[in-house]
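Everything below concerns the one structure shown next.
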Amino acid sequence: MKLLLELLTLCLLSVAARAAECHGKPSPDAKPNLNPIYTDPPRFVKSVKNGMLFLTGDGEDVIPIVHVWGSPYEMGYAHGQLMKEKAQELVHDVWEYMKLQVEQGINGTIDIFPGWFLSDIANIGLEAALDLETDVTKPYTGSYFYEELKGLADGSGAPYKTIERIHMIGELTKGACSMFGANESAVPAGGGLLQLRALDWNVDGPFKNFPQVTVYHPNDTKYGHAFANIGFTGWIGSITGFSSQLLAISEIGVSFPDETFGHESRFGVPFTYILRDILQFDKTLEDAVTRLSTAHRTCNLILGVGDAKATQFRGVEYSAATADFFTWDNLRPEADWHPRIKDIVYWGMDWLCPGYNEVLAAQLNKYHGNLTAEITIQEIVPIVQTGDLHIAVYDLTKGLVYISYAKGESETGPLYAYDRTFIEVKTADLFNVTPPGLV
Ligand SMILES: *[C@@H]1O[C@H](CO)[C@@H](O)[C@H](O)[C@H]1NC(C)=O
Ligand SMILES: *[C@@H]1O[C@H](CO)[C@@H](O)[C@H](O)[C@H]1NC(C)=O
Ligand SMILES: *[C@@H]1O[C@H](CO)[C@@H](O)[C@H](O)[C@H]1NC(C)=O
Ligand SMILES: *[C@@H]1O[C@H](CO)[C@@H](O)[C@H](O)[C@H]1NC(C)=O
């Protein structure tokens, strides 16, 4: 009965118990990132039926690019086959990490989980609590996700149930993160649309050891078009990525909302799946706006969707109750620490977060009219100190994306992605790849 009541109760964040706004801010001594950008094309490593592996970057900043073709199951299978050891390791390490975080959540060392999740664990245990979360989101989730997870398990040998469980992590913990979309007067002539996705999340966790760009080439239009998921080996949700339709996504977890967000809910589509659906299925910004407006939404987020074909960007205030869309001239929250800047939609780290927004606004104003991917990498993310785990700067108008990940466990150099070497990826090198011969 207790469980049923919790299931029927819409989740409320523990925000009331916290301060009303975030208190972090970047260090005033932050330095620009002067590392040269890596620009060589990806190198072919090997192929299997329905899959090809390339590497890009050199030295310690190397990112696997995994191409997969076919049906959802086949794409999952090829991913698992090509990245077998790494996928097994990720699944194992993330599971262990989740268990540790949950222990810390229960004993009060960290405060990142929603209350309903912790009471589910107290009542039925972690495995069952995650399976329950899978069950309540399944009705809102495309069946192709589960077909692909099955393929991934079969191809990699990692246990299916654990793969399914770790895919709920996005719904249960919150990253901070920053974003912007800039066009017209904010960028040089011909600049089109420039978009940032900076992910601030769990640099102490295992994710930094598993950078991967997965390029999907579905064999049937009912599974959408080609897109690139910028994330982690063995993990198929989307937090970062762009598509062959030139759509790209940004996302911020909101821990400090205002009252305009309304309530959250656990009954809906996990946000890492709706973001992926935008990349996989939507052809225009309008498609994405319709998808987000009509979805069964869950937790408080700020999302960003750019369409470089139309040089348009929308920021989205997103919760179970609300889907509000922003251009630069109706941007919220309205505050002296979050000034409206012509032709730029932006947020730093959270909704109510003066310390980061102030510095982000100052840097955007300083380079207004001159905003490029290079300036973003050199002078914006490292000065705002945002994007600790991973960053993508989308310059899809020019067919380019710049990617960086935090220092992996066995690597040296700076810890945070915003201080490391960025890798330039040409979109044509991803979407114009010939599939391996049919076996
Ligand atoms: C909470 O749990 C973690 C992980 O098991 C442990 O390292 C830590 O010492 C615990 N803290 C308290 C206050 O019990
Ligand atoms: C896609 O692949 C699946 C599995 O091999 C096959 O059944 C299906 O017919 C293919 N679809 C197309 C349009 O080729
Ligand atoms: C620039 O983006 C804004 C939305 O932020 C949009 O209203 C405007 O039409 C865009 N400009 C061009 C030239 O596409
Ligand atoms: C834009 O960048 C160029 C080259 O770095 C510089 O010469 C120019 O002064 C900058 N303009 C603005 C408005 O910042």
Side-chain angles (χ1 to χ4, degrees), residues 7 48-51 66-84 86-88 90-92 94-95 98 117 120 124 126-173 210 212 214-229 231-241 243 249 265-282 291 294-299:
L7 265 175
V48 294
K49 184 184 175 186
N50 298 315
V66 175
H67 288 265
V68 293
W69 284 267
S71 64
Y73 180 88
E74 289 170 329
M75 293 191 287
Y77 193 92
H79 175 178
Q81 235 185 336
L82 282 168
M83 300 301 291
K84 203 174 175 62
K86 273 284 179 192
Q88 289 183 5
L90 170 117
V91 172
H92 171 269
V94 172
W95 178 237
M98 278 176 91
F117 180 57
D120 281 1
I124 58 178
L126 176 59
E127 275 96 342
L130 289 166
D131 294 346
L132 179 61
E133 187 57 16
T134 305
D135 287 346
V136 304
T137 58
K138 215 169 216 166
Y140 311 100
T141 301
S143 55
Y144 40 87
F145 279 103
Y146 290 98
E147 291 163 29
E148 185 181 336
L149 290 180
K150 185 75 175 60
L152 180 60
D154 291 349
S156 67
Y160 176 79
K161 265 297 177 192
T162 316
I163 296 184
E164 202 183 79
R165 288 173 185 148
I166 64 167
H167 275 79
M168 289 297 120
I169 194 171
E171 283 298 283
L172 300 172
T173 67
F210 303 94
Q212 180 170 308
T214 312
V215 189
Y216 289 83
H217 307 267
N219 76 338
D220 192 321
T221 49
K222 80 174 186 229
Y223 299 120
H225 43 247
F227 68 100
N229 198 15
F232 312 102
T233 304
W235 209 77
I236 72 164
S238 291
I239 44 169
T240 308
S243 73
I249 52 169
S265 167
R266 60 188 297 192
F267 303 96
V269 53
F271 81 84
T272 58
Y273 290 174
I274 199 171
L275 285 176
R276 194 178 128 161
D277 282 343
I278 289 175
L279 298 178
Q280 187 163 357
F281 297 101
D282 292 346
R291 178 184 297 284
T294 56
H296 286 89
R297 296 174 302 272
T298 56
C299 47

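Quick note: numbers below take in every heavy atom, side chains included, and nothing from hydrogens, waters or symmetry partners. Residue indices begin at 1 and follow the sequence shown.
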Evaluate Leu279 against Asp277 for side-chain contact (heavy atoms from CB on, under 4.5 Å), listing each step before the verdict. CA-CA 5 Å; Leu279 298 178; Asp277 282 343; over 6 Å; no
Please report the C-alpha distance between Ile166 and Val91 in whole Å, then the side-chain angles of each, then the deciding distance to 0.1 Å, and finally whether the side-chain contact (heavy atoms from CB on, under 4.5 Å) criterion is met. CA-CA 7 Å; Ile166 64 167; Val91 172; 4.1 Å; yes
### Task
Would you please test Leu149 and Ile236 for side-chain contact (heavy atoms from CB on, under 4.5 Å) and show each step?
CA-CA 8 Å; Leu149 290 180; Ile236 72 164; 3.6 Å; yes
_Using the rule given for side-chain contact (heavy atoms from CB on, under 4.5 Å), can you reason through Ile163 versus Leu152, listing the C-alpha separation, both sets of side-chain angles and the distance that settles it, and then say yes or no?_
CA-CA 9 Å; Ile163 296 184; Leu152 180 60; 4.2 Å; yes
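Taking OG1 from Thr298 and NE2 from His296, the interatomic distance works out to 11.5 Å, rounded to the nearest 0.5 Å.
Remark: Thr162 engages no residue in a side chain to side chain donor-acceptor pair (under 3.5 Å) (not counting sequence neighbours). In this structure, the side chain to side chain donor-acceptor pair (under 3.5 Å) partners of Thr233, at least two apart in sequence or on a different chain, are Gln212. For Arg276, the side chain to side chain donor-acceptor pair (under 3.5 Å) partners are Glu148, Tyr216, Gln280, not counting sequence neighbours. Every residue meeting the ring pair (Phe, Tyr, Trp, His ring centres under 6.0 Å) condition with Phe232, not counting sequence neighbours, appears here in chain and number order: Phe207. For His67, the ring pair (Phe, Tyr, Trp, His ring centres under 6.0 Å) partners are Phe54, Trp69, His217, not counting sequence neighbours. In this structure Tyr160 satisfies the ring pair (Phe, Tyr, Trp, His ring centres under 6.0 Å) test with no other residue, sequence neighbours excluded. Every residue two or more places apart in sequence or in another chain that forms a ring pair (Phe, Tyr, Trp, His ring centres under 6.0 Å) with Phe281 is listed here: Tyr144. For Tyr73, the side chain to side chain donor-acceptor pair (under 3.5 Å) partners are Asp154, not counting sequence neighbours.
In this pair, His167 and Tyr273 present their aromatic rings tilted. The plane angle is within the 30 to 60° band.
Residues Thr272 and Trp235 meet the side-chain proximity criterion, which asks for heavy atoms closer than 4.5 Å. Looking at Glu164 and Tyr146, their side chains come closer than 4.5 Å, going by heavy atoms from C-beta outward. A heavy-atom distance below 4.5 Å is found between the side chains of Lys86 and Phe210. Considering only heavy atoms from C-beta on, Met75 stays 4.5 Å or farther from Asn50 through its side chain. Two residues are said to be in side-chain contact when any heavy atoms from C-beta on lie closer than 4.5 Å; Ser238 and Asn229 meet this criterion. Annotation: side chain of Phe227 is not in contact with side chain of Ile278 (no heavy-atom distance under 4.5 Å). In this structure the side chain of Ile239 never reaches within 4.5 angstrom of the side chain of Leu275, judged on heavy atoms. Looking at His225 and Ser243, their side chains come closer than 4.5 Å, going by heavy atoms from C-beta outward.
Of all the heavy atoms in Gly234 and Ala87, the pair that sits closest is CA-CB, 4.4 Å. A pairwise comparison of heavy atoms in Ser156 and Gln88 identifies O-NE2, 2.7 Å as the closest pair. Residue Ala129 comes nearest to Phe117 through the heavy atom pair CB-CE1, 4.0 Å, listed as atom of the first residue, atom of the second, then distance. Heavy-atom minimum distance, Ala295 versus Ile274: CB-CD1, 3.4 Å.
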N/O donor to acceptor pairs below 3.5 angstrom from side-chain atoms of residues 131-142, sequence neighbours left out:
from, atom 1, to, atom 2, distance (Å)
Asp131, OD1, Arg165, NE, 2.9
Asp131, OD2, Arg165, NH2, 2.9
Glu133, OE1, Arg266, NE, 3.3
Glu133, OE1, Arg266, NH2, 3.0
Thr134, OG1, Leu130, O, 3.0
Thr137, OG1, Glu133, O, 3.0
Thr137, OG1, Thr134, O, 3.2
Thr141, OG1, Thr137, O, 2.8

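Side-chain contact check for Ser71 and Glu147: no donor-acceptor pair (N or O, by modelled atom type) lies under 3.5 Å.
Applying the salt bridge (Lys or Arg N to Asp or Glu O under 4.0 Å) test to residues at least two apart or on different chains, none of the pairs has a partner in residues 74-84.
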